[in-house]
Each structure stands twice: as C-alpha cells, then as structure tokens.
Amino acid sequence: MKLWKRNVIAAAIVLFVCGAVYLNWSYSQDTAAGKNLGQAALVGQTDPLQSQEDQDAAAQDGEAAQDGATQEGQEAAGESSYFSTARLNRQQARDNALSLLQEAAEDDKADQAAVDEANAAIQTMADATVTEAQIENLITAKGYADCVAFLGEDSISVVVSAMENGMTDADAARIGEIVKEQTGLNADQIKIIEAE
C-alpha cells in the first residue's frame with residue numbers, strides 16, 4: 001500500500017513537470033513564430049485635419065522607426081521573456097508538486113514514514129528554491145544581465161543571458177565558483193549555458 005501511494009505521488013509529480021515542460025515549449029514556439037500574447041494594434045490613427053500626403057509621410061516615418069525599435073525590442077524582450085517564462089514554469093511545477101506533497105503529509109490515512117518522507121521532500125524543495133534564488137541574485141550582482149538556475153538532486157544547470165562578445169572561460173569560471181560556493185557541487189556537476 002505504501003509503495004502504491006509513493007508511486008502515485010511520484011507519477012503525479014512527473015506528470016506536472018512534463019506538463020510544465022510542454023507549456024514552456026509551446027509558449028516558446030509561439031513567441032518564436034512572432035506571436036506575442038497581449039500585443040495590441042492601434043486602429044484609426046489618422047488625423048482628419050491632416051492632408052493625405054502628410055499622413056502618408058508620417059506613416060512611412062512611423063513604420064521605419066517602429067521596425068528598428070521592434071527588432072531591438074524583440075531581441076531584448078525575447079531574452080528576458082525566456083527567463084521570465086522559465087522562472088514561471090519552474091514555480092508552477094514546484095507549486096503543483098508542493099500541493100501533492102502537502103496532501104500526502106496531511107493525509108490521515110498515511111503512516112508516519114510517508115508523512116516524514118513528504119515533509120522531507122517539502123524541505124528539500126524549499127532549500128532548492130532558496131539556493132536557486134541566491135545563485136541567480138549573486139550572478140546578476142556580478143554584472144550579468146539575467147540568469148536562471150535549475151537545481152537537481154546532484155547537478156545544476158545555470159542559463160545566463162547572452163553576452164555581447166560571448167561567454168569567455170573567465171565568465172564560466174566566475175559563475176562556476178558562485179555555484180560551487182552555494183551548492184557544494186563539483187565542477188563536473190555544474191552546467192553553464194549561454195542563452196541565445
């Protein structure tokens with residue numbers, strides 16, 4: 001009976017994590033295709049007192065300025081939206097797993113070992129959340145634009161925003177040192193990725 005409950009809880013957690021990964025992939029496909037949720041288009045912008053030639057000239061100037069700003073904005077927004085989306089997906093997956101673990105810990109029919117195991121998993125999840133936040137804050141404090149950390153059981157992946165001249169060995173060493181100090185992991189357990 002205990003094994004069955006553990007398997008159900010583990011399967012539910014895996015299902016929620018897979019769902020979060022799918023949503024992340026789906027959202028990244030939409031933004032890569034140029035679809036931005038919440039983007040509005042203005043209609044009826046013409047001034048009835050302006051001549052048609054002035055309106056045409058203003059429209060051409062506006063389109064040229066908008067194209068340049070849009071390209072720059074999309075590069076910056078695409079990168080920051082990745083980090084926002086990654087953090088949101090990570091938090092949603094953790095919230096779902098946490099609610100399942102809390103239900104298991106509060107179940108009146110569960111034996112003490114299952115309750116203790118659920119509470120230990122909740123504590124581990126809380127510790128991982130704090131560690132990831134500390135790593136992200138320390139890396140951005142060192143001058144990197146943005147980053148997101150994903151702490152696993154015996155490894156960590158850190159995604160850092162793209163750098164102007166690309167990531168150097170010194171950058172990787174600096175980030176790796178921060179991660180080692182906060183997690184106690186070895187260099188071979190740390191994966192540093194530059195976002196594109």
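In this text, all values refer to a predicted model and were calculated from it rather than measured experimentally.
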Seminar exercise, completed: For Ala121, the side-chain contact (heavy atoms from CB on, under 4.5 Å) test, sequence neighbours excluded, returns Leu101
For this session: Only counting residues at least two apart or in another chain, list the ones meeting side-chain contact (heavy atoms from CB on, under 4.5 Å) with Asn186.
Result: Asp188, Gln189
For this session: Report the C-alpha distance between Asp95 and Gln91 in whole Å, list the side-chain angles of each, state the deciding distance to 0.1 Å, and finish with yes or no for side chain to side chain donor-acceptor pair (under 3.5 Å).
Result: CA-CA 6 Å; Asp95 288 345; Gln91 188 60 42; 2.8 Å; yes
Problem set entry | Gap between atom CG of Asp154 and atom OG1 of Thr183 - 0.5 Å precision | 11.0 Å
Exercise. Which atom pair, heavy atoms only, marks the closest approach of Val160 to Cys147?
Worked result: CA-CB, 4.1 Å
For this session: Sequence neighbours left out, what pairs pass salt bridge (charged side-chain N to carboxylate O under 4.0 Å, His left out) with at least one residue falling in residues 128-143?
Result: Arg87-Glu136, Arg90-Glu132, Arg90-Glu136, Arg94-Glu132
Problem set entry | Interatomic spacing from CG in Leu151 to CG in Asp127 - rounded to 0.5 Å | 9.5 Å
Problem set entry | Counterpart residues, side-chain contact (heavy atoms from CB on, under 4.5 Å), relative to Asn119 (two or more places apart) | Ala105, Val115, Ile122
For this session: Check side-chain contact (heavy atoms from CB on, under 4.5 Å) between Gln134 and all other residues, then give those that pass, not counting sequence neighbours.
Result: Val130, Gln182
Seminar exercise, completed: Minimal heavy-atom distance between Ala145 and Thr140, with the atoms involved, is O-CG2, 4.1 Å
For this session: Drop me the distance from Thr131's OG1 to Ile156's CD1, to the nearest 0.5 angstrom.
Result: 8.0 Å
Problem set entry | Rounded distance [0.5 Å steps], CD1 in Ile178 versus NZ in Lys180 | 12.0 Å
Show me, pair by pair, the donor-acceptor contacts under 3.5 angstrom made by side chains of residues 164-174, not counting sequence neighbours?
unit_1, atom_1, unit_2, atom_2, d
Thr168, OG1, Ala170, N, 3.4
Thr168, OG1, Asp171, N, 3.1
Thr168, OG1, Asp171, OD2, 3.0
Asp171, OD1, Tyr144, OH, 2.8
Asp171, OD1, Arg174, NH1, 3.4
Asp171, OD2, Thr168, N, 3.2
Arg174, NH1, Tyr144, OH, 2.9

For this session: Could you tell me whether the side chain of Ile175 reaches within less than 4.5 Å of the side chain of Ile190, counting heavy atoms only?
Result: no
Exercise. Linking I/L/V/M/F/W/Y whenever any side-chain heavy atoms sit under 4.5 Å apart, do Met163 and Leu138 land together?
Worked result: yes
For this session: Taking all non-hydrogen atoms of both residues into account, name the closest pair between Ala195 and Phe83 and its distance.
Result: CB-CZ, 4.0 Å
